[in-house]
Amino acid sequence: MAKADERGITPQSEDFSAWYNELVLRAELADRGPVRGTMVIRPYGYRIWELVQSALDQKIKETGHENAYFPLFIPESHLKREAEHIEGFSPELAIVTHAGGRDLDEPIVVRPTSETVIGEMFSKWISSYRDLPLLINQWANVVRWELRPRLFLRTTEFLWQEGHTAHADETDAIAELDIATRFYEEISRDFAALPVVIGDKTASERFAGAQRTVSLETLVRDGRAIQSSTTHYLGTNFSRAFDITYTSQEGAVEYCHTTSWGMSTRMIGTIIMTHGDDRGLILPPRLAPHQVVIVPIGRDADLDRVLGESRELEAQLRDAGVRARVDDRDQLSPGFKFNYWELRGVPIRIEIGPRDLAAGVATVVDRLTGEKETIALRGLAQSMPERLEHFQQALYRRAASFRDDHTSVVDSKEELLAAVMTGAALALHCGDPLCEASIKESSGASARCIPRDGADETGSCAFCGAPSAYGRRVLFARAY
RNA sequence: CGGGCUGUAGCGCAGCUUGGUUAGCGCGCUUGACUGGGGGUCAAGAGGUCGCGGGUUCAAAUCCCGCCAGCCCGACCA
């Protein structure tokens with residue numbers, strides 16, 4: 001691992017991984033737990049998660065879903081009922097075989113996801129077309145024993161939200177997919193300032209047991225893609241396995257069509273890697289625990305006046321609906337505090353010193369551009385929501401240009417392989433899983449999704465030359 | 001599971017090659033004074049089963065064997 005400068009963090013360009021790890025730890029977002037791959041989410045990181053949660057929970061409820069809670073433990077036999085599902089998950093299961101002081105008759109799985117328990121319950125709860133659609137969401141922790149953990153991006157245990165719905169037919173289930181995809185898109189764009197590429201997964205990248213998987217992909221600053229959330233149309237695979245049936249209006253017994261969809265604490269890792277720079281985090285205002293930090297500067301009598309003015313401004317900002325905080329720690333120098341809050345990604349910093357006070361102004365500093373402005377104290381608080389909104393949009397635009405600058409349209413094997421070294425590639429593909437596998441083998445890149453907003457296009461596969469499938473280009477990138 | 005690396009104070013590390021008596025350094029922490037617009041200065045302090053177990057030796061952080069843990073790069077990964 002590259003060594004950080006005494007005070008700063010390793011630059012992104014030198015070692016992105018080291019940058020990321022140091023940042024997560026130094027910004028006090030999270031710490032490693034005692035069991036390999038586990039993570040303690042510290043208050044600053046957890047607050048970001050709470051802000052994601054409340055925004056998403058509101059959208060989930062507005063669209064008619066209800067929250068519920070299902071058990072952490074699942075009988076192993078349940079998981080085995082859907083063949084592809086168990087096959088996909090078995091390598092990463094944590095299984096309890098001993099409890100209550102003795103060996104268990106049947107092993108119990110710690111949920112890696114809840115399709116099976118929820119399916120079991122759905123089959124009891126649904127009997128008529130009048131019971132449909134059934135729209136349930138759960139906020140929970142899940143456990144997946146991944147081989148290579150990374151803080152927030154892939155932890156042994158993580159927090160998420162998982163939506164599970166049952167519908168009378170495919171049309172209704174697909175409409176549900178669109179609803180879930182839309183609110184993930186809105187959370188990503190409007191709250192996390194993440195430009196996403198949305199599209200279906202290819203067959204080999206689909207969720208275990210799904211007929212369709214739609215993913216939201218983000219391109220982060222080292223040129224890799226990350227799936228920040230995903231929705232699945234499960235067809236009748238799970239309803240056949242768990243006997244989720246209903247009697248239709250015509251009196252026939254039919255299988256339900258089910259969906260599931262999730263967004264996890266990985267979102268925080270995505271935000272870090274999309275927006276962060278060599279000075280630290282840059283948080284989108286709508287998800288920032290502190291949107292504005294006020295640093296009072298001065299001593300003795302000056303300090304009293306400056307602190308008083310800072311507190312007054314803090315109160316005004318709060319009245320204006322801004323999450324503001326005065327950093328009144330008197331043992332720390334202003335310069336220390338500037339770096340401290342920049343590392344933590346606070347969008348706007350306001351400095352108030354004797355010179356400012358004498359002129360009735362404050363110094364306002366933008367975390368994204370580093371620009372300092374002198375602004376009259378009068379009216380400053382009232383204008384802050386608009387300033388934060390501009391910041392939010394500028395952050396989104398910057399990420400969108402980065403994505404565009406690092407996405408190439410490619411038509412040959414050579415171009416494809418070159419493009420994925422520094423970003424994403426849009427290529428026609430034959431649709432053959434074996435061809436996908438060999439792209440992965442030669443470049444490390446995988447098919448992220450088939451972007452739904454791509455233009456209609458056919459031709460030959462950029463990699464192998466066979467006729468293209470899908471009628472559109474496929475997004476390839478190395479991924480987290 | 002392969003390849004590489006690392007375990008010494010809260011954090012980051014030196015010391016190990018060539019064993020030696022009180023195990024160092026920087027940051028952080030505590031107290032005080034001065035300071036304060038980009039990571040302040042000085043002074044005085046506190047803080048250690050050198051990852052664990054065994055072995056060699058008069059003597060082990062240092063040499064040997066075994067184990068454990070963690071990180072990085074792969075493989076794997078709704």
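Chain identifiers are assigned alphabetically (A, B, ...) following the order of the sequence lines, protein sequences preceding nucleic acid strands; residue numbering begins at 1 within each chain.
Taking atom C1' on both nucleotides, rG12(B) is separated from rG36(B) by 28 Å, rounded to a whole Å. Going from the P atom of rC72(B) to that of rG26(B) covers 30 Å, rounded to whole Å. Comparing rG24(B) with rU8(B), their C1' atoms sit 10 Å apart, to the nearest whole Å. rG2(B) and rA75(B) are spaced 8 Å apart, taking the C1' atom of each and rounding to whole Å. Atom name C1', nucleotides rC11(B) and rG55(B): the rounded distance is 34 Å, in whole Å. Rounded to whole Å, the separation between the C1' atoms of rG38(B) and rC52(B) comes to 46 Å. For the C1' atoms, the distance linking rC58(B) with rA46(B) amounts to 35 Å, nearest Å. Rounded to whole Å, the P atom of rU57(B) lies 35 Å from the corresponding atom of rG10(B).
Rounded to whole Å, atom C1' of rG36(B) lies 16 Å from atom CZ of R305(A). Atom CZ in R299(A) sits about 12 Å away from atom C1' in rG37(B), given to the nearest Å. Rounded to an integer number of Å, the gap from L153(A) CG to rC76(B) P is 18 Å. In this structure, CG of L25(A) is placed 15 Å from P of rG70(B), rounded to the nearest angstrom. Taking atom OH on Y20(A) and atom C1' on rC72(B), their separation rounds to 15 Å, with Å as the unit. Straight-line distance from the CG atom of D278(A) to the P atom of rG38(B): 21 Å, rounded to whole Å. Residue D302(A) contributes atom CG, which lies 10 Å from atom C1' of rG36(B) at whole-angstrom precision. The nearest whole Å value for the distance from the CG atom in L147(A) to the C1' atom in rG74(B) is 11 Å.
Between the side chain of K59(A) and the backbone N or O of R182(A), no donor-acceptor pair lies under 3.5 Å.
Looking at T236(A) and R240(A), their side chains do bring a donor and an acceptor atom within 3.5 Å of each other. Side-chain contact annotation: Y480(A) with D222(A), donor-acceptor N/O pair under 3.5 Å present. Judged purely by distance below 3.5 Å, without hydrogens or angles, the side chains of T259(A) and E176(A) never pair a donor atom with an acceptor atom. At a cut-off of 3.5 Å, with distance as the only test, a side-chain donor of T181(A) or T231(A) sits close to an acceptor on the other residue. In this model, a donor atom of one side chain and an acceptor atom of the other lie less than 3.5 Å apart for D57(A) and W139(A). Checked by atom type, the side-chain pair T213(A)/H232(A) shows a donor-acceptor distance below 3.5 Å. T38(A) and R36(A) form no side-chain donor-acceptor contact under 3.5 Å, judged by distance and modelled atom types alone.
Sorted by first then second residue, the salt bridge (Lys or Arg N to Asp or Glu O under 4.0 Å) pairs that include residues 350-369 of chain A, not counting sequence neighbours, are D277(A)-R367(A), R349(A)-E351(A), E351(A)-K372(A). For residues 291-314 of chain A, no pair satisfies ring pair (Phe, Tyr, Trp, His ring centres under 6.0 Å), with sequence neighbours left out.
Heavy atoms of R478(A) sit nowhere under 4.0 angstrom from any nucleic acid atom. At the heavy-atom level, W160(A) lies under 4.0 Å from base atoms of the strands shown. Within 4.0 Å (heavy atoms only), G353(A) reaches at least one base atom of the nucleic acid. Note on E205(A): nothing from the nucleic acid sits closer than 4.0 angstrom, heavy atoms only. R266(A) comes within contact range of no nucleotide atom at all, as no heavy-atom separation falls under 4.0 Å. Using a 4.0 Å heavy-atom cutoff across all strands shown, P354(A) reaches at least one base atom of the nucleic acid. At a threshold of 4.0 angstrom between heavy atoms, the contacts of F16(A) with the nucleic acid are absent. E342(A) comes within 4.0 angstrom of a nucleotide base, judged by non-hydrogen atoms across all strands.
Two residues, H232(A) and G37(A), neighbour RNA chain B, and the one matched to the more 5' nucleotide by heavy-atom proximity is G37(A). Nearest-nucleotide positions on RNA chain B place D300(A) closer to the 5' end than the other of D300(A) and T113(A).
Between N21(A) and rC72(B), a side-chain N or O to OP1/OP2 separation shorter than 4.0 Å is present. A sub-4.0 Å separation between OP1 or OP2 of rC71(B) and a side-chain N or O of R32(A) is present.
For the pair R329(A) and Y340(A), the cation-pi criterion (under 6.0 Å, within 45° of the ring axis) is fulfilled. Taking the centre and axis of the six-membered ring of F391(A), the NZ or CZ atom of R387(A) falls outside the cone set by 45° and 6.0 Å.
Picking from rG74(B), rG37(B), rG39(B) the nucleotide with the shortest atom distance to the side chain of I297(A) gives rG37(B). Among the nucleotides rG38(B), rG37(B), rG39(B), the one closest to any side-chain atom of R355(A) is rG37(B).
Side chain R26(A) to base rG12(B): no donor-acceptor pair is found below 3.5 Å. In terms of polar N and O atoms assigned as donor or acceptor, the side chain of R36(A) never comes within less than 3.5 Å of the base of rG70(B) in a complementary pairing.
The ring-ring contact (aromatic ring centres under 6.0 Å, His included) search around W261(A) returns H65(A), F183(A), not counting sequence neighbours.
Looking only at side-chain heavy atoms (C-beta outward), D432(A) and C464(A) stay at 4.5 Å or farther from each other.
Residues from residues 325-339 of chain A placing a heavy atom under 4.0 Å of any atom in RNA chain B, listed by number, are D330(A), L332(A), S333(A), P334(A), G335(A), F336(A), F338(A), N339(A). Listed by residue number, the members of residues 363-372 of chain A with any heavy atom below 4.0 angstrom from RNA chain B are T363(A), K372(A).
Using a 4.0 Å cut-off between charged nitrogen and carboxylate oxygen, R266(A) and E146(A) do not count as a salt-bridge pair.
With pairs defined as Watson-Crick or G-U wobble and both atom distances under 3.5 Å, the stems of at least three pairs that touch RNA chain B come out as B:1-7 with B:68-74, B:10-13 with B:24-27, B:29-34 with B:40-45, B:51-55 with B:63-67.
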